[in-house]
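The figures here come from the full heavy-atom set of this structure, side chains too, leaving out hydrogens, waters and symmetry mates.
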Amino acid sequence: MPLSGLDIYKLLPKTNCRRCGLSTCLAFAMQLAKKTMSADKCPFISEQTKKLLEEQSQPAIRTLILGEGKDRFEAGGETVMFRHEEKFRNPCGIGFVIEDSLSDEEIASRVKKINSLKFERVGQVLDVNMVAVRQNSDQKRFVRATEIVMDSTGLPVVLMGSSPASLRQAASAASERKPLLYCATKDNFTQIASIAKDFRLPVVVSAPSLDELSYVTKELVSLGVDALLLDTGRKPLSEKIWDATQIRRQALKKANRALGYPEFVMAENDDPYEEAAEAAVHITKYASVIILKGIQSWEALSVLTLRQNIYTDPQKPLQIEPRLYPVGEAGENSPVLVTTNFSLTYYTVLGEVEASKIPSYIISVDTEGMSVLTAWAAEKFTAQAISDSLENSGIKKMIKHKNLIIPGYVAVLSGELEEKSGFKVIVGPKEAAGISSFLKNLN
Amino acid sequence: MEIEEILEKWSGGVYSVSIGACAEDGGSRKNTVRIGGQKSLPLLFKEGDIPNRPVIAFEIWDIPPQDWPEGLVSSYGKAPEDPLIWAQMCVKDFGARLLCLRLQGAHPDCGDKSPEECARFVSSLLEKVSVPLIIIGSGDDAKDNLVMPACSEAAKSERCLLGCATQENYKTLAASALADGHSIIAESPIDINIAKQLNILISDMGFALDRIVINPTIGALGYGLEYAYSIMERGRIAALSGDKTLSSPFICFTGQESWKAKEAKGGDKQGVIWEIITASSLIQAGADILVMRHPEAAKRVFGHISVLFGGNNSDH
């Protein structure tokens with residue numbers, strides 16, 4: 001259980017000496033509980049208390065860095081059960097498995113396809129994160145397959161060896177890329193620990209029960225290996241949800257260090273639809289790394305988009321810079337549309353304007369990332385705000401007309417906006433989907 | 001040391017709502033569909049009773065669909081040209097156990113059908129298919145207030161689910177549904193406080209809370225899905241914590257939203273998977289009814305629900 005401010009207060013000198021900069025020990029204790037100050041600020045604190053507070057200040061779920069170089073990513077570090085409580089922090093890594101039984105050419109072309117799975121949505125690049133090489137035959141082939149993968153991609157690699165000896169060989173060949181070792185079990189953890197220590201690599205611990213998982217993680221930590229991910233193996237999907245929920249609850253609610261690691265899930269399925277639906281479950285329910293099989297771009301795009309959605313900060317909607325955006329070869333007679341600076345709204349409008357093939361100007365008003373109706377209700381999308389944006393955007397010098405298209409939902413602003421801006425207001429469609437035909441029929 | 005599992009203890013639960021009335025209940029349906037009744041968060045079976053699975057309702061219109069992508073319409077062949085044939089196809093060919101009829105043809109811009117015409121359509125539909133119905137209006141408040149009472153009466157004692165009541169327009173629909181023995185969909189714009197408020201307003205009219213289903217208004221994958229996802233999670237946690245005014249099951253119009261997405265129009269598979277992921281992620285937030293459009297997506301989500309709940313495909 002995390003210590004409360006009062007718990008910490010009991011461990012402090014209670015002299016109110018102010019050396020920490022605060023007027024009372026209680027105030028200092030409250031800051032320590034919130035983790036906004038460090039215990040070092042108190043010169044009189046006992047070593048024992050300091051150690052306790054340090055342990056306390058470690059995140060409940062470890063954050064690991066996977067891979068090396070520009071494609072490395074962070075996994076774990078989560079602090080809540082539900083995204084509305086704060087946010088989910090590190091978007092789960094999405095990886096793809098490659099069998100070493102494929103031919104050299106097949107491996108290279110599959111990796112090439114994986115590298116190409118990059119999409120742009122609402123101003124963000126969505127990409128995949130890992131390649132997992134799985135051993136099906138002898139050691140030599142496994143090492144060779146690992147080398148081909150490393151030559152073909154900078155993505156972090158997971159080594160799925162069928163024996164510690166094979167893993168050691170492949171780890172040695174791939175060591176500078178900091179591959180993730182799969183996997184340590186109750187039977188082989190001493191051997192895996194020695195590989196992990198020799199090459200300083202992270203390890204997936206696999207066990208069917210939480211008891212066994214925490215046994216192995218404790219043993220590994222005592223052997224000096226603590227960059228771990230947790231895997232509960234193949235099970236019915238509802239049991240996977242239960243495991244993932246329990247692991248996160250154990251870490252967050254009981255501060256159980258032995259289970260305070262990110263979760264790793266193998267979710268391969270031959271059917272891309274089923275695989276994506278299962279991936280969706282793991283994205284929403286607590287996985288930090290998900291390994292799939294299907295590399296079709298339509299499957300990857302849907303999985304990556306869900307990850308983008310779920311890991312969006314609920315307090316901070318995605319925003320774009322509020323300014324004037326010309327679309328196509330916009331000129332002095334082009335229509336002018338106004339919308340908000342909420343990314344989703346802007347990019348939806350942009351898509352429809354592009355689809356109309358009519359060069360236009362879009363002015364995004366600073367609504368602090370709110371959508372049209374929300375911004376209108378919160379008085380961020382007012383006649384005054386729109387009028388100011390028109391003024392500041394410089395649009396008046398770029399066009400010969402004085403017509404302005406506003407979203408249908410804020411038709412009520414028309415009169416006041418005409419007065420304030422001097423523009424003639426044309427009420428556009430309520431839904432962005434209507435913009436394309438609206439623009440085509442404008443004249 | 002054995003790890004002690006952490007179990008949440010909930011004091012509340014979701015109301016169980018039944019759709020459709022068979023002969024013994026004064027209706028003419030061959031099956032009924034029961035939703036809700038959970039005493040736990042989605043899929044956490046060890047923590048509380050989860051008596052019913054999420055169900056899929058096939059969305060059909062009273063007129064051939066407009067603005068549906070070509071690939072979506074053609075997944076039903078030529079059937080959508082005759083909505084009654086379309087409805088029967090959903091039941092016979094795709095195993096639908098629940099249909100959601102949208103009276104789009106009543107909309108002033110889509111044919112402006114009279115209340116009598118709409119009521120006749122509902123009567124014919126009830127004759128042609130024997131599954132329970134969800135009936136929703138055209139989205140034009142003024143017109144729906146004329147059409148829905150007529151349709152409600154035409155389906156009297158069939159225990160349909162009628163929608164959508166909103167904060168600005170709920171009285172007419174609620175009065176009709178109450179008089180004719182139907183349940184009601186309460187729609188709120190991704191806002192948990194309005195959802196709660198509307199449930200209170202409707203129950204103040206004499207509606208039992210176990211006859212209300214919340215439409216939280218969803219966004220599709222990539223189009224604000226996460227807002228609905230979190231509103232639903234918060235609503236469900238409130239329900240389990242004992243807030244009876246938020247203890248209604250959720251209906252999600254996944255088909256309608258998914259097929260608006262630009263990505264869904266980018267190819268058949270992309271569209272189908274867009275609807276599948278929209279639906280399967282919302283199941284994790286507590287969706288009870290998924291109103292779907294593409295038969296392949298519906299089939300896949302049904303399969304996914306079977307995987308989640310274990311067991312066979314006996315109960316569509």
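- Contacts with chain B (heavy atom to heavy atom, under 4.5 Å) involve these residues of residues 81-88 of chain A, listed by number: A/Phe82, A/Arg83, A/His84.
- Along residues 340-356 of chain A, the residues that come nearer than 4.5 angstrom to chain B, judged on non-hydrogen atoms, are A/Phe342, A/Leu344, A/Thr348 in order of number.
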Run A/Ile283 and B/Ser281 through side-chain contact (heavy atoms from CB on, under 4.5 Å) and show every step you take.
CA-CA 9 Å; A/Ile283 290 169; B/Ser281 52; over 6 Å; no

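- Between A/Leu306 atom CG and B/Tyr229 atom OH the span is 8.5 Å, to the nearest 0.5 Å.
- Among B/Pro189, B/Gly219, B/Gly222, the residue with the largest count of heavy-atom pairs under 4.5 Å with chain A is B/Gly222.
- Atom CD in B/Glu2 sits 10.5 Å away from atom CG in A/Leu210 (nearest 0.5 Å).
- Using modelled atom types, no side-chain atom of B/Gln284 and backbone atom of A/Val281 make a donor-acceptor pair closer than 3.5 Å.
- Heavy-atom proximity under 4.5 angstrom to chain A picks out nothing from residues 248-255 of chain B.
- Residue with the most contacts toward chain A among B/Leu41, B/Ile276, B/Leu225, B/Leu44: B/Leu44 (heavy-atom pairs, distance under 4.5 Å).
- Here the OG1 atom belonging to A/Thr374 is positioned 8.0 Å from the CD1 atom belonging to B/Ile190, to the nearest 0.5 angstrom.
- A 4.5 Å side-chain heavy-atom check between A/Ser302 and B/Trp274 finds at least one atom pair inside the cut-off.
- Neither the backbone nor the side chain of A/Ala433 has a heavy atom closer than 4.5 Å to any heavy atom of chain B.
- With a 4.5 angstrom heavy-atom cutoff, B/Arg234 touches chain A via backbone and side-chain atoms both.
- Rounding to the nearest 0.5 Å places CD of A/Gln308 at 9.0 Å from CG of B/Leu221.
- Under the 4.5 Å side-chain criterion, counting only non-hydrogen atoms from C-beta, B/Lys269 is not in contact with A/Gln296.
- The nearest pair of heavy atoms linking B/Ile273 to A/Pro272 is CD1-O, 4.2 Å.
- Using a 4.5 Å heavy-atom threshold, the side chains of B/Ile3 and A/Gln246 count as separate.
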Set out, in order, the CA-CA distance, both residues' side-chain angles and the distance that settles side-chain contact (heavy atoms from CB on, under 4.5 Å) for A/Leu237 and B/Leu43, then state yes or no.
CA-CA 9 Å; A/Leu237 197 48; B/Leu43 288 316; over 6 Å; no

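- Considering only residues two or more places apart in sequence or on other chains, B/Trp68 meets the ring pair (Phe, Tyr, Trp, His ring centres under 6.0 Å) condition with B/Trp61, B/Trp86.
- Annotation: side chain of B/Arg300 is in contact with side chain of A/Glu274 (closest heavy-atom distance under 4.5 Å).
- Interface remark: of the candidates B/Glu296, B/Glu47, B/Lys260, B/Lys262, B/Glu47 forms the most heavy-atom pairs closer than 4.5 Å to chain A.
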